[in-house]
Amino acid sequence: MPDENTLKTMWTNNPHGAGLMYARDGRVYIEKGYMDWTSFFERVKTLGDVTDEAVIMHFRIATHGYVIPGNTHPFPVSRDVIALTKLRSSCKVGVAHNGIIPIEPRAGISDTMEYIATRLAPRAEVDPDWYKSEDVLMEIGREIKSKLAVLDGDGFISYYGNFITEKDGMIYSNDSYLPRVYTRYIYRDASPLWYGDDFDEFDDYKDTGAPWDTGNPSVMLCPLSDIKVKWQYRDKRLTRIDKENLWVDRVGHAYVIDYDYAVAYEVVTKTLTAIKSKRDLFKVRDGVEFELAGSISVKNYLKEVSA
């Protein structure tokens, strides 16, 4: 089990809820919906020595769907959306996901839940051992363009994506288990946001030694794709990829997110406006709170998404 400091770092860098799954007696047991650090850590302590057991933990940064307990990971592989939202369940195979899946989720649920219900579960019904095939995992990887970890009741773990293996045997989907760093300046361009969700290029843009509490204001955002209003693009260079990656505040200002550090950068542009919408584009309960770390020019933004 990671030590308390590492667990707290993962929680702080991924602050929208947590869950875990473990294999015992031929079943995968899922416990999730921990929305505060204390309740999560108290449960972790009661697990005891899990050195010889298979355990997967997930700390969420919301990309689609409400920030509610039922939308936290992990999930059983099931077509039933209600089953996906259960906070305590057991199953044959469970999954956790890191990144953004290019799929349009139905209202209220996440991209991961939509993908499991409509694509992964039907595949599993045809091929129960799908997660043991490297070829199948590669095919799924091409679909989700992100990372996936799978656990079955026998304690077998498989995963797709660029994971980090530490000397103690722990495997992490990204480096947000490390103490947070903070950029002293705004990105010169958005390249760390677009070249894969492991953000290898982020090292070129960060400085170390800043405190955890940066003192920056926060902003309440919602994915642009989740807001059911028409949008007007005055700049024709803005394409569909922008709708998939842009977030907006309640008055329609556009933002991009660094998901590894849960910070938002405002896109400085007047090219995006909502048509025939109320001033408040979404309710506060539907938004996700991010730290506002700065801004990026529309010129650099468009250069990166069109590359």
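The basis for the numbers below is simple: all heavy atoms, side chains too, and nothing from hydrogens, waters or symmetry mates.
- Contact between K147 and N162 at its shortest, heavy atoms only, is NZ-O, 2.9 Å.
- Residues M57 and L20 share a closest heavy-atom pair of CG-CB, 3.8 Å.
- Of the possible polar contacts, none joining the K32 side chain to the L87 backbone as a donor-acceptor pair under 3.5 Å is found.
- A continuous path of hydrophobic side-chain contacts links V256 to L281 [ILVMFWY only; heavy atoms under 4.5 Å].
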Would you mind writing out the side-chain donor-acceptor pairs for residues 130-137 within the sub-3.5 Å range, not counting sequence neighbours?
residue : atom : partner : partner atom : Å
Y131    : OH   : D152    : OD2          : 2.7
S133    : OG   : D135    : N            : 3.4
S133    : OG   : V136    : N            : 3.2

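- To the nearest 0.5 Å, atoms CD1 (I144) and CG (L148) are separated by 5.0 Å.
- A pairwise comparison of heavy atoms in S110 and P105 identifies O-CB, 3.6 Å as the closest pair.
- F59 and A18 get closest at one heavy-atom pair: CD2-CB, 3.8 Å.
- Side-chain atoms of S146 and H97 include a donor-acceptor pair closer than 3.5 Å.
- With sequence neighbours left out, the salt bridge (charged side-chain N to carboxylate O under 4.0 Å, His left out) criterion links E139 to R123.
- For the atom pair T118 OG1 and E104 CD, the distance stands at 11.5 Å (nearest 0.5 Å).
- A donor-acceptor contact under 3.5 angstrom links the side chains of S90 and R27, judged on distance only.
- Nearest heavy-atom pair across P74 and G19 is CD-C, 3.7 Å.
- Hydrophobic clustering (ILVMFWY, side-chain heavy atoms < 4.5 Å, transitive): Y29 and Y34 are in one cluster.
- Between the side chain of D175 and the backbone N or O of L178 there is no donor-acceptor pair closer than 3.5 Å.
- Applying the side-chain hydrogen bond (donor to acceptor under 3.5 Å, both in side chains) test to T38 and every residue at least two apart in sequence or in another chain returns nothing.
- Taking 4.5 Å as the limit, some side-chain heavy atom of N71 sits within range of a side-chain heavy atom of R60.
- There is a path of hydrophobic side-chain contacts, each under 4.5 Å, that joins M35 to I61.
- Considering only residues two or more places apart in sequence or on other chains, K45 meets the salt bridge (charged side-chain N to carboxylate O under 4.0 Å, His left out) condition with E42.
- For A264, the side chain to side chain contact (heavy atoms under 4.5 Å, CB included) partners two or more places apart in sequence, or in a different chain, are V219, L221, Y255, I257, F290.
- Note that the CD atom of E125 and the OG atom of S78 stand 8.5 Å from one another [nearest 0.5 Å].
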E4/V44 under side-chain contact (heavy atoms from CB on, under 4.5 Å): CA gap, chis, key distance, verdict: CA-CA 10 Å; E4 181 178 355; V44 167; over 6 Å; no
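- Annotation: side-chain hydrogen bond (donor to acceptor under 3.5 Å, both in side chains) contacts of E53 (sequence neighbours excluded): R24.
- When the side chain to side chain contact (heavy atoms under 4.5 Å, CB included) test is applied to D25, no partner is found at least two apart in sequence or on another chain.
- Take R119 and apply the side chain to side chain contact (heavy atoms under 4.5 Å, CB included) test, not counting sequence neighbours, and it matches I103, Y115.
- Side-chain contact between E31 and Y22: present, with at least one pair of heavy atoms (C-beta onward) separated by less than 4.5 Å.
- Contact check for W37 versus K8: side-chain heavy atoms found under the 4.5 Å cut-off.
- Across every non-hydrogen atom of N98 and S173, the tightest pair is OD1-OG, 3.0 Å.
- For the 3.5 Å distance criterion, the side chains of S176 and N174 qualify, holding a donor opposite an acceptor.
- E114 pairs by the side-chain hydrogen bond (donor to acceptor under 3.5 Å, both in side chains) definition with R106, not counting sequence neighbours.
- Counting Ile, Leu, Val, Met, Phe, Trp and Tyr side chains that sit under 4.5 Å apart, directly or through other members, Y159 shares a hydrophobic cluster with M21, V28, I30, I56, L151, I157, F163, I171.
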Candidate pair V248 and H253, rule side-chain contact (heavy atoms from CB on, under 4.5 Å), full reasoning: CA-CA 5 Å; V248 292; H253 296 153; over 6 Å; no
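- Rounded to the nearest 0.5 Å, atoms OG1 (T9) and CH2 (W11) are 13.5 Å apart.
- Both V267 and M220 are assigned to one and the same hydrophobic cluster, defined by single-linkage of ILVMFWY side chains at heavy-atom distances under 4.5 Å.
- Under a hydrophobic-cluster definition in which Ile, Leu, Val, Met, Phe, Trp and Tyr are linked whenever side-chain heavy atoms come within less than 4.5 Å, directly or via other members, M170 and Y160 are assigned to different clusters.
- Between F75 and T112 there is a side-chain heavy-atom pair separated by less than 4.5 Å.
- Side chain of D249 to backbone of V251: a donor-acceptor contact under 3.5 angstrom is found.
- Between the side chain of D111 and the main chain of I101, a donor-acceptor pair closer than 3.5 Å is present.
- Residues satisfying the side-chain hydrogen bond (donor to acceptor under 3.5 Å, both in side chains) criterion with D49, sequence neighbours excluded, are T51.
- Annotation: side chain of H58 is not in contact with side chain of T72 (no heavy-atom distance under 4.5 Å).
- Residues satisfying the side chain to side chain contact (heavy atoms under 4.5 Å, CB included) criterion with T6, sequence neighbours excluded, are P2, D3, M10, Y172, Y177.
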